[in-house]
Amino acid sequence: MKENKKLQSSELTPSEVQVLEMIRNKRFLSIKLIIKNGEVDTIEGLERLHTGERIIDMLKQHDFQNLEIKQSNGKIVCVNRIFKKKIRPADNATSC
């Protein structure tokens, strides 16, 4: 929480704060920014999920996501999720 206030007071835009929070979170394997008119429009984060979770539970976690499920010998061995977050210019910075 202290870190979030520090980021906000350093004259960063709300979208820049959200990008930095995702980077510092360290749960994402990669982060992709979609830029429109010179501003961050959408942030996409790729994360690896635990294979023990039920697929239906994974689907309920976010409204905008892509799931990639890899299976070997009848067992799920890898689940990757691309989490998408739309950024609004007047949006207050929130954690992902």
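Every heavy atom of this structure was used, including side-chain atoms; hydrogens, water molecules and symmetry mates were not. In this text the structure is predicted, and so the values were computed from the model without any measurement.
Note that CD of Glu44 is 11.0 Å distant from CD1 of Ile31, once rounded to the nearest 0.5 Å. One finds the CG atom of Leu29 at 5.0 Å from the CG atom of Leu46 (value rounded to the nearest 0.5 Å). Distance check, rounded to the nearest 0.5 Å: CZ of Phe83 to CG of Asn66 gives 12.0 Å. Taking CG of Leu49 as the reference point, atom CD of Gln65 lies at 8.0 Å (rounded to 0.5 Å). Separation of atoms CZ (Phe28) and CZ (Arg81) is listed at 8.5 Å; rounding is to 0.5 Å. Summarising the geometry, atom CZ belonging to Arg24 is positioned 9.5 Å from atom NZ belonging to Lys26; distances are rounded to the nearest 0.5 Å.
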(message) Between Ile43 and Leu33, does the side chain to side chain contact (heavy atoms under 4.5 Å, CB included) criterion hold? Intermediate values first, please.
(response) CA-CA 5 Å; Ile43 303 172; Leu33 304 177; 3.9 Å; yes

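Using modelled atom types, no side-chain atom of Glu39 and backbone atom of Lys36 make a donor-acceptor pair closer than 3.5 Å. Using a distance-only test at 3.5 Å, with no hydrogens or angles considered, no donor-acceptor pair links the side chain of Gln18 to the main chain of Ile87.
The shortest distance between side-chain heavy atoms of Leu59 and Leu67 falls below 4.5 Å. At least one side-chain heavy atom of Glu53 sits less than 4.5 Å from a side-chain heavy atom of Gln61. Looking at heavy atoms from C-beta onward, Lys75 lies out of side-chain contact with Asn73 at the 4.5 angstrom threshold. Between Ile34 and Val40, the closest side-chain pair of non-hydrogen atoms is not below 4.5 Å.
Residues Ser72 and Val77 share a closest heavy-atom pair of CB-CG1, 3.8 Å. In terms of heavy atoms, Cys78 sits closest to Arg48 at SG-NE, 3.4 Å.
The number of heavy-atom neighbours closer than 6.0 Å to CD1 of Ile69, taken from other residues, nucleotides and ligands shown, is above 12.
Ile35 and Phe64 are members of different hydrophobic clusters when ILVMFWY side chains are connected at heavy-atom separations under 4.5 Å.
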